[in-house]
Amino acid sequence: MNPLDQAADQFSSFPPLQFIPYPPPLNPNPNPNPNPSPNNASNTAIQNPNLASTNLLSFTVPKKRRRGRPQRKATSFLLPPIPNITLNGNNGPIPSSISSSTTSVSAPFGPNEQNTNFLTQRVSDTTDEIIVINKESTAEALIALSAGFPADSLTEEEIDARVVPVIGGIEQVNYILIRNHIIAKWRENVSNWVTKEMFVDTIPKHFHVLLDSTYNYLVSHGYINFGVAPAIKEKVPAEPTKPSVIVIGAGLAGLAAARQLMRFGFKVTVLEGRKRAGGRVYTKKMEGGNRVCAAADLGGSVLTGTLGNPLGIVARQLGSSLHKVRDKCPLYSLDGKPVDPDMDMKVETAFNRLLDKASRLRQLMGEVSVDVSLGAALETFRQVYGDAVNDEEMNLFNWHLANLEYANAGLLSKLSLAFWDQDDPYDMGGDHCFLPGGNGRLVQALAENVTILYEKTIHTIRYGSDGVQVIAGSQVFEGDMALCTVPLGVLKCGSIKFIPELPQRKLDGIKRLGFGLLNKVAMLFPHVFWGTDLDTFGHLSDDPSRRGEFFLFYSYATVAGGPLLIALVAGEAAHKFESMPPTDAVTRVLQILKGIYEPQGINVPEPIQTVCTRWGGDPFSLGSYSNVAVGASGDDYDILAESVGDGRLFFAGEATTRRYPASMHGAFLSGLREAANMAHYVNARTLRKKVDRSPSKNAHSCASVLADLFREPDLEFGSFSVIFDRKNADPKSTAILKVTFSEPRKKSHHDGSKPDQQHSKKLLFQQLQSHFNHQQQLHVYTLLSRQQVLELREVRGGDEMRLNYLCERWGVKLVGRKGLGPTADSVIASIKAERGNRKPASTALALKSGTSKLKTGILKRKMVRKAKIVRSSNGSTAPANSNVVNGKVPGETRTAEETRTADQMLLDTLGSGQNQGDMLKK
């Protein structure tokens, strides 16, 4: 019997767990960055002894999801919980950058330049009033940041939802203040239902309309009041009042969406192919004689980053504590002896250096790196620079490669050098944890009172303007809308037929993205023989093709309820493992364990029960989790998330979230996202408004075509780019202007506050802005005449003056891509038609939309769930808009000697189109 298909286990036999709240750690790191850079604001704090004091919030720098060994030198920001304000008599706190006599404030330039100094100002004219909620605006901004919101700007989703009528104005500042305050209020007690009435006393009456819109947005999009707490469950109406929805798949995405839709009043039916809920999250109860038992997570097991993790919130609602995965992770050689620490450090340093060089290489290569694998780059650099030369060093090097393949559930030879770590900036931060009793607790709680029909294997989905039909065997299920949450592996294999066929754009995205494999061997022993002072240990292999075979062991003895040990199988070994007899696998694992512990005089007993996973052969998953393969990019996650059929068929799951792919919380959040989208479409249909929310119901939709057109704008100046129909010479003809917000605000002058306070204030907001700068670049649009565009280009004083000219003098409102309206559609169609008739100006490949600004600095480490990492960055970065033009990085100069370095030689060879391995070696 395949253990992955078994019916749901009962968790009632596990004892209740004590509730332990876990606020952000208050333990300052006196030296978070051992390689300070003069350009890094956080380094200044390290050099200033006045800042290394009490009451500093430790906030982790975004890094790749961690698995395996822990990071040796974690890098974190030191954020003083002090708002950047000064007190000014009766007017209350006033930002240092604004005089107390100011009666109006011009729109600050850019979401990352909008200084949170504004957040506590009150001026005499109420139309320009910055509300004062409390003195905790900085702490609340950090909480919102952990929930995925920038501290001082809007997300693209908020802009699309039109939470404020004008982007960049005073109302936006007040919205952000209220938003952060509501999120922080709910996070104080996530078991409560937060109501609008809780804020009417702290928000002035004339701002209650903004309070209503802010609160409604946060509730409808699942940022507050979600989960399984009794106060939240009682909000589900007794009888549905809205149309019927069919959810395909009872994994975390499907369950999260189902619960949210039920609370919205929809009639929801979940169809699940297995005999259990949870999908790729499966906790199996293992047991043997003498009442020995344990809860084994055979699928998703580690909550990666708990500062903003919604599943951590659900665990809190269940009263469950979380167990931090401890950092200790010894490695053992083939003969069972511990790896020499000096050699371990040497190879680790070399490995990290190669990652740095790979990062540098992809910056130099530009769009060419899209078609090169991470594995080819690493292996070539290893040979060129002579790292890991003897056998033992090579075995250690291969262990790090296996750990990287574990993090991606994919072969390094198939991972994109350009975008394999594109989700790095969105890491939630915080500890990586186990949930005692297994993640099945979360699944069981989320599935409660949800109508789930098991063993329904879907083979056809029909969708159209009148609704959907989902066919399982001879049964036909009809609904107003459907949400498809099947894994990417199922979409890739084509076992579900879509009628009509999915748009080619979505089919191409499904094909481009990678879907990898990770397997496990779970073993229940009569007692713990490996010690309880660690949660992980590793084992080396001398065969590169088997480097991922049982390379890492997880001890669940402290959280599973019994002596449970799980061995991981990653990379190429995970695929071979699918056909390995279970008895052979267990025998091999026991040989490794005996080789490690018997020389220490420790007897290794026979396991009471064992389970071997076969996720690749499971027809309801056909793999483990997604990755960015060669030729793909983060855009493909967005494409998979797009709805089709004018708001009838929607998609969710870990492979539909660009920010949090390959994670349990990513799947959960995607379910909440799509519940909001489905409710949006129903509301629009109810109002008889045709709302084209999906940016790509076909390949020629406004948003997707717009992104394609702006790859080669007709005019660029500063942060402004323009497209227009060149065939129309009329100066009054319409052009589309795009403004990109990405650069940090210049340092403002400060008043007479103390130097150390002044420094702390600047540092705080620079760090907040820097943190979000790496997360996204914001694009807003408007329509202008060509004559206006040329006039705007001639405005002197830089981007800020141009924006002021645009918004203040002309009264232009900048909107999200969906706010351009139908007028823009004809303009876009005209430009597209004109472009189609142009002769190509260049044969150079263009990067995919949204990916032209390659990540700068060090290549982020994909060491997820406590991966063994790497030294800190040396601080070297390239400009944020490091597009490669004519083979060069703008603004970069090189000496004659530098052009002959190994890096440049590799670059020259890579650009010639040779075989990856051959050209990299040359």
Side-chain angles (χ1 to χ4, degrees), residues 8 219-230 232-282 300 310-311 313-314 317-318 439-456 458 461 463 467-468 470 472 477-487 490 620 641 643 647-654 656-657 664-682:
V219 172
S220 64
H221 286 73
Y223 292 109
I224 61 171
N225 294 343
F226 66 83
V228 297
I232 295 171
K233 290 191 289 186
E234 67 183 20
K235 297 296 181 179
V236 177
E239 294 295 332
T241 58
K242 294 186 178 180
S244 61
V245 174
I246 300 172
V247 177
I248 303 161
L252 288 178
L255 294 177
R259 294 194 74 85
Q260 192 80 331
L261 289 167
M262 288 169 59
R263 191 174 62 72
F264 292 164
F266 288 88
K267 181 182 179 181
V268 180
T269 301
V270 180
L271 305 180
E272 169 56 50
R274 295 184 173 92
K275 299 178 181 179
R276 59 172 181 82
R280 285 167 283 170
V281 177
Y282 176 39
L311 295 179
I313 290 175
V314 175
Q317 293 173 338
L318 294 175
N439 295 319
R441 288 179 177 270
L442 303 177
V443 172
Q444 185 180 40
L446 292 169
E448 182 182 356
N449 297 326
V450 176
T451 301
I452 305 176
L453 305 181
Y454 295 102
E455 298 185 86
K456 303 298 180 185
I458 308 304
I461 298 176
Y463 61 96
V468 297
V470 179
F477 299 88
E478 296 186 338
D480 187 68
M481 297 179 292
L483 174 62
C484 181
T485 71
V486 301
V490 175
F620 301 113
S643 63
R648 296 295 178 175
L649 179 59
F650 298 79
F651 293 84
E654 58 84 14
T656 70
T657 170
M664 292 185 290
H665 61 271
F668 183 88
L669 288 171
S670 74
L672 297 181
R673 178 198 70 211
E674 291 310 306
N677 291 338
M678 297 171 89
H680 167 74
Y681 268 101
V682 168

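By convention here, the first residue in the shown sequence is residue 1.
Among residues two or more places apart in sequence or in another chain, the salt bridge (Lys or Arg N to Asp or Glu O under 4.0 Å) test is passed with Arg263 by none. Residues that satisfy the side-chain contact (heavy atoms from CB on, under 4.5 Å) test with Ala256, not counting sequence neighbours, are Phe668, Leu672. Legend: residues meeting salt bridge (Lys or Arg N to Asp or Glu O under 4.0 Å) with Lys267, ordered by chain and number and at least two apart, are absent. For Thr657, there are no side chain to side chain donor-acceptor pair (under 3.5 Å) partners two or more places apart in sequence or in a different chain. In this structure, the salt bridge (Lys or Arg N to Asp or Glu O under 4.0 Å) partners of Arg280, at least two apart in sequence or on a different chain, are Glu654. Residues forming a side-chain contact (heavy atoms from CB on, under 4.5 Å) with Ala472 (at least two apart in sequence, or on another chain): Lys456, Ile458, Phe477.
Note that OH of Tyr223 is 8.0 Å distant from CG of Leu669, once rounded to the nearest 0.5 Å. Here Glu674 contributes atom CD and His680 contributes atom NE2; the two are 11.5 Å apart, rounded to the nearest 0.5 Å. Within the model, atoms CG of Leu271 and CD1 of Ile452 stand 10.0 Å from one another, a figure rounded to the nearest 0.5 Å. Note: Leu252 CG to Thr485 OG1 = 10.0 Å, rounded to the nearest 0.5 Å. Here Leu446 contributes atom CG and Asn449 contributes atom CG; the two are 12.0 Å apart, rounded to the nearest 0.5 Å.
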Task: Ile313/Phe226 under side-chain contact (heavy atoms from CB on, under 4.5 Å): CA gap, chis, key distance, verdict - done: CA-CA 9 Å; Ile313 290 175; Phe226 66 83; 3.8 Å; yes
TODO: Just do the side-chain contact (heavy atoms from CB on, under 4.5 Å) check on Ser670 and Phe651 with the steps written out, would you?
DONE: CA-CA 9 Å; Ser670 74; Phe651 293 84; over 6 Å; no
- [ ] Give the C-alpha distance, both sets of side-chain angles, the deciding distance and a yes or no for side-chain contact (heavy atoms from CB on, under 4.5 Å) between Gln317 and Ile232.
- [x] CA-CA 10 Å; Gln317 293 173 338; Ile232 295 171; 3.5 Å; yes
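Across every non-hydrogen atom of Met262 and Pro237, the tightest pair is O-CD, 3.3 Å. Closest approach of Val450 to Ala258, counting heavy atoms only: CG1-CB, 3.9 Å. In plain terms, the two heavy atoms of Pro243 and Phe266 that are nearest each other are O-CD2, 3.2 Å. Summarising the geometry of Leu318 relative to Ala445, their closest heavy-atom pair is CD2-CB, 3.7 Å, with the distance given to 0.1 Å. Shown here for Cys484 and Leu649, the closest heavy-atom pair between the two residues is CB-CD1, 4.4 Å. Between Gly227 and Val314, the closest heavy-atom pair is CA-CG2, 4.4 Å.
The residues Lys233 and Glu448 are annotated as salt-bridged, a charged nitrogen and a carboxylate oxygen being separated by less than 4.0 angstrom.
Looking at Val468 and Glu478, their side chains never come closer than 4.5 Å, going by heavy atoms from C-beta outward. Contact of the Ile246 side chain with the Leu483 side chain is not registered, since no non-hydrogen atoms from C-beta on lie closer than 4.5 Å. The shortest distance between side-chain heavy atoms of Phe620 and Val486 does not fall below 4.5 Å. Side-chain atoms of Val682 and Asp480, non-hydrogen and from C-beta on, do get closer than 4.5 Å to each other. For the pair Arg259/Val228, a side-chain contact is recorded, criterion being any heavy-atom separation below 4.5 Å from C-beta on. When side chains are defined from C-beta on, Thr269 counts as touching Leu453, because their heavy atoms get closer than 4.5 Å. Between Asn677 and Phe650 the shortest side-chain heavy-atom distance falls below 4.5 Å. A heavy-atom distance below 4.5 Å is not found between the side chains of Val268 and Thr451.
No side-chain donor-acceptor contact under 3.5 Å links Ser220 to the backbone of Ala676. In this structure a side-chain-to-backbone donor-acceptor pair under 3.5 Å is missing from Glu272 to Tyr454. Checked by atom type and distance alone, the side chain of Gln260 never pairs as donor or acceptor with a backbone atom of Ala675 at under 3.5 Å. Side-chain atoms of Thr656 do not come within 3.5 Å of backbone N or O of Ala641 as any donor-acceptor pair. The backbone N or O of Glu455 lies less than 3.5 Å from no partner atom in the side chain of Arg274, so there is not a single donor-acceptor pair.
Both tests hold for Arg276 against Tyr282: distance to the six-membered ring centre under 6.0 Å, angle to the ring axis within 45°.
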